[in-house]
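Every heavy atom of this structure was used, including side-chain atoms; hydrogens, water molecules and symmetry mates were not. Labels below follow one simple rule: chain letters A, B, ... track the order of the sequence lines, proteins then strands, and each chain is numbered from 1.
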Amino acid sequence: MDYNFQAIEKKWQQEWDNSKAYEVKNNSDKEPYYVLDMFPYPSGAGLHVGHPLGYIASDIAARYKRLQGYNVLHPMGFDAYGLPAEQYAIQTGQHPEITTEKNIKRYVEQLRKIGFCYDWNRSVRTCDPSFYRWTQWAFEQMFNSYYDADKQQARPISELIARLEEEDANWQKMSEKEQQETLMQYRIAYLADTKVNWCPKLGTVLANDEVSEGLSVRGGYPVEQRVMRQWCLRVSAYAQRLLEGLDKIDWTDSLKDTQRNWIGRSEGAEMLFAIKGQDEPFTIFTTRADTLFGVTFMVLAPESEYVQRVISDEQRAEVEAYLDRCRHRTERERIADRQVTGVFTGSYAIHPITGKEIPIYVSDYVLAGYGTGAIMAVPAHDSRDYAFARHFNLPVIPLIEGADVSEQSFDAKEGKMINSDFLNGLEVKDAIAKMKAYITDKGIGRVKVNYRLRDAIFSRQRYWGEPFPVYYKDDMPYLIPEDCLPLRLPEVKEFKPTEDGQPPLGHAQKWAWDEKKKEVVDKSLIDNKNVFPIELCTMPGFAGSSAYYLRYMDNLNDKALVSREANNYWRQVNLYIGGTEHATGHLIYSRFWNKFLYDLGYVCEDEPFKKLINQGMIQGRSNFVYRYIGEGATGNLYISYNLIDTPPYKGHVQPIHVDVNIVKNDILDVVAFRQWMPDYKDAQFVYSDGTNDVDNPYIGTPTDKQYICGWAVEKMSKSMYNVVNPDDIVERYGADTLRMYEMFLGPLEMSKPWDTNGIDGVHRFLRKLWNMYESPSDGEPTRDELRSLHKLIKKITWDIEHYSFNTSIPAFMIAQSELAALKCTKRAVLEQVAVLLAPYAPHIAEEMWHQCGHTDFVIDASWPVCDESYLVEDTQKYPVQFNGKVRFTFECPKNTPKDEVEKMVLAHEDTAKYLAGSTVKKIIVVPGRIVNIVI
RNA sequence: GCGGCAUUGGCGGAAUUGGUAGACGCGCCAGACUUAGGAUCUGGUUCGCAAGAGUGUAGGUUCGAGUCCUAUAUGCCGCACCA
């Protein structure tokens, strides 16, 4: 009976569907376990073999937990809002919803073929009104909340209003608009004029994590700084809790470090410096309070609000020119060009202790967004200040004994203080503490913790996103009532920005809010009395992905994001698998979002994802042919890879990407190559043995000749012709082989290239294993058979518990060959092997289970338990010979020196008897375990 | 610059608590079967003729190190004018 994987897989996928085998209920006596994949953005290109890697791993974990008797929630959905569909819409006029719908359909088909145990009834998509109504709902909660610094949690804004009414005399006198403006400074979701990353090419703003080195992460377009009125989320209020929360969750150190880095906590001090001739002082932030006596100048960020206060009349023209120049530089230019620039403002600060006058400069090396946007410069001990001081010829005062600052600054935080009055002689660490105490005491500063984490900009000038449930009355935002949600995305005739520069929603005719009727009406009716304009921006990509894991728990609920019962049952994601690229985006935002909902009592866990694994990227493995471009080249002669470094070809070949799908084991299918593209129709080859078909024209497949291709690891992309489609692999080898081979490729967390070479080995294994299930026999398994089985149980259980899936496949292979050697056909053994295989290769395991006489599903069987007693080595059988060695089990205490063990071994009567007449060449000792003797 | 991860045969990679390094697969070699093979099956395969050597390099701890410690090199990833 052949291993007909196509029939087997089709059959079981249908059986599972028909019996609703993977439907999960929220009411179960079983322990819950929640396994989640990061849901994909359904791109037009479909899945390539890299995408399912994490899904396969999580599917194995989910099926294993299920076999262990847990009630497993393992859903899949789609992050359906996104730029590509919108860009496509702008180009073609095709509504993004149609494109997205089509892509999702394709994704689902591809995923189903791989045999994942998703409960598709629980699927969500972020662009579905029944989903985004809860994204809008969460936004409204944030708008209606503020962060209570004392309680360190979000509270309803009504509590703040109550407090203001009671405590603040001004509150009552304010107009409604003024009151709203005041509240805006506290809301978790707030409108503010902020400096944003503006990408002109995309026509939208981007969050910090969407920009890298001054370019947009999507598309790679230049990004510039611009001040705009934007919705923001007060993520920074949660900085400390986001930091502390990391200690409670089981993530890798590298990922936690990335987040710690991003949050960027630094302990320091704020200090007040008076300005000469003015009453109001200004504040700076420093982590080096100890260096106060080394301050020789002050620097303000160009965007700092202090700048206007300190410009003297003489310097005004020069400073304005500088500010103007800074404004027009993009972030990228500023980073690329690290020359020292700056300008003197004409004002002086007063040193709070010595009373000396210190010149105040403006320079773009100081960032407006960090600390107070102003610094005290200590050139001797900060390299940036040092560069500035040298450029402008400012004095440098060394503060640490023995530090040579003639060539460069001394940035290290160690050594004894000098030139520092009452700090002299102290170690830096102690000096910092003493200075902090001093300034606090004298009222010239205070201890302060700063975070690098900024508030998230939450507006996008785009069409294909969640609309804000917000309308504007007297320029102030008001919420569309909760019971009117969702606010549906309106139809527009065009998806690009309007001619007067409004976001695409500016095209929508029906986009105004009638406050009385509580409905969306035509915008021509706007009278700013009853009918008001609605927000034109939409929410960013991370909005929909920030709470989707909660929605899976209760996806059909139309009363709440998730019911209390459902949330109490599932609680949090036990295992989350996804790419590391979300470290500072999605994984920060969803932790923030979850903590916010936790504060308001909507969810019962403070952290959303208990255990997280980052699967590595699967890179492409490209193949090349080498076109001869030397003397007499015709342009259609291709040289086999093994010959390109030999004369006359050396240095005269040009590598050309060739479709990996017409190359097998690096051997080119030359017929397919000639048909691949018109250019290669008449291609001629020099084969690996040096023969060629110029002298000897050959049409058809040469059987004795091989054209060897070169290869390289590159990103998997269409242009490199190295994309491998999982559908093709499933078609050719089956889903079970694909699943096992993806795990076999290497450790889950490591990046590795996809290499179809080698998949035959895994496929062969499945076929060999399958052959053992021809006709299972009854009868008691032998001790050897049970030993093989229990070794396998132990290994596979350990592997899955440790997420080390790649070593499981070899374990199966070893067990298979051991059992084959024993000619084992015992049902009792085979059925257990089928259960062990079920998480990895569910279809074939199901068929095997049936072959063993079962009528139920193997996916509902129970996970076998290892009986260690079968693993104890049977001393009766030893000594045995293998590989020219003789093995004894030999008891001796650990920590016994080697030579003593050797003596004991040779003196032992069994050993002596066995070795009589042989010459001992070498003794390999593992104290307390095994002794190998080479004779 | 700061932080993290990695480095083992021709290749991908095993080695779980410090205990026989190179499991398993690919590739390669030999054989079997076959009209044929880029199919299938069986056996071999770290290097070296050998003694021996051997987990990027140099030290250290230990009876014993791929594994622990110190230094160093190379590569990958994250952050980066963050005061």
For B/U40, take OP1 and OP2 only and decide whether either is under 4.0 Å from a side-chain N or O of A/R764.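 For B/U40, OP1/OP2 do have a side-chain N/O of A/R764 under 4.0 Å.
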OP1 or OP2 of B/A83 sitting under 4.0 Å from any side-chain N/O of A/Y370?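 Checking B/A83 against A/Y370, a side-chain N or O does come within under 4.0 Å of OP1 or OP2.
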Hey, do the aromatic rings of A/Y641 and A/F624 have their centres closer than 6.0 Å?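 No - the distance between ring centres of A/Y641 and A/F624 does not fall below the 6.0 Å cut-off.
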Could you tell me if the ring centre of A/F5 sits under 6.0 Å from that of A/Y733?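 Centroid separation for A/F5 and A/Y733: 6.0 Å or greater.
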Length of the line joining [X]:[atom1] and [N]:[atom2], which is rounded to integer Å:
X      : N     : atom1 : atom2 : answer
A/M376 : B/C81 : CE    : P     : 21 Å
A/N771 : B/U40 : CG    : P     : 13 Å
A/W251 : B/G3  : CH2   : P     : 22 Å
A/H763 : B/U40 : NE2   : C1'   : 12 Å

Report the glycosidic orientation of B/G9: syn if within 90° of 0, anti in every other case.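 Base orientation relative to the sugar is syn.
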Could you tell me whether A/R265 contacts a base, only the sugar-phosphate backbone, or nothing, with contacts defined as non-hydrogen atoms closer than 4.0 Å?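 Since no nucleic acid heavy atom lies under 4.0 Å of A/R265, the category is nothing.
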Contact class for A/R260 (heavy atom, under 4.0 Å): base, sugar-phosphate, or nothing?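 The residue A/R260 makes no contact with any strand.
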Taking everything shown except [X] itself, do over 12 heavy atoms lie less than 6.0 Å from its [atom1]?
X      : atom1 : value
A/E801 : CD    : yes
A/K256 : NZ    : yes
A/D247 : CG    : yes
A/E581 : CD    : yes

Classify the side-chain pair A/E749/A/Y803 by whether it contains a donor and acceptor separated by less than 3.5 Å.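 Looking only at side-chain atoms, A/Y803 and A/E749 do not form any donor-acceptor pair under 3.5 Å.
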Which pairs, protein N/O on one side and nucleotides 12-15 of chain B N/O on the other, fall under 3.5 Å?
| unit_1 | atom_1 | unit_2 | atom_2 | d |
| --- | --- | --- | --- | --- |
| B/G12 | O2' | A/L745 | O | 2.9 |
| B/A14 | OP1 | A/N806 | ND2 | 2.9 |

5′-ward residue of the pair A/A811/A/W262 relative to RNA chain B: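 Mapping each residue to its closest nucleotide by heavy atoms, the 5'-most match is A/A811.
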Pairwise 5' ranking along RNA chain B for A/D253 and A/N757, keeping only the more 5' one: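 The residue mapped nearer the 5' terminus is A/D253.
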Where does RNA chain B form stems of at least three consecutive Watson-Crick or G-U wobble pairs, each pair having both distances below 3.5 Å?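 Expected stems, ordered by start: B:1-7 with B:73-79, B:10-12 with B:24-26, B:27-32 with B:40-45, B:56-60 with B:68-72.
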Do A/R591 and A/W251 form a cation-pi contact, if we require the NZ or CZ to be under 6.0 Å from the six-membered ring centre and within 45 degrees of the ring's axis?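 Judged by the rule (NZ or CZ under 6.0 Å from the ring centre, within 45° of its axis), A/R591 counts as positioned above A/W251.
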Could you write out each protein N or O paired with an N or O of nucleotides 74-78 of chain B at a distance under 3.5 Å?
| unit_1 | atom_1 | unit_2 | atom_2 | d |
| --- | --- | --- | --- | --- |
| B/G78 | N2 | A/N261 | ND2 | 3.4 |

Mind checking what makes side chain to side chain donor-acceptor pair (under 3.5 Å) contact with A/D411, not counting sequence neighbours?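 Testing A/D411 for side chain to side chain donor-acceptor pair (under 3.5 Å), a comparison that skips the adjacent residues, returns A/S383, A/S409.
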How would you list, by chain and number, every residue that makes a side chain to side chain donor-acceptor pair (under 3.5 Å) with A/Q675, sequence neighbours excluded?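 Listed in chain order: nothing, the list is empty.
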Only pairs under 3.5 Å count here: list side-chain donor-acceptor contacts from residues 812-822 of chain A, not counting sequence neighbours, and write none if there are none.
| unit_1 | atom_1 | unit_2 | atom_2 | d |
| --- | --- | --- | --- | --- |
| A/S817 | OG | A/I814 | O | 3.1 |
| A/E818 | OE1 | A/S788 | OG | 2.7 |
| A/E818 | OE2 | A/K791 | NZ | 3.0 |

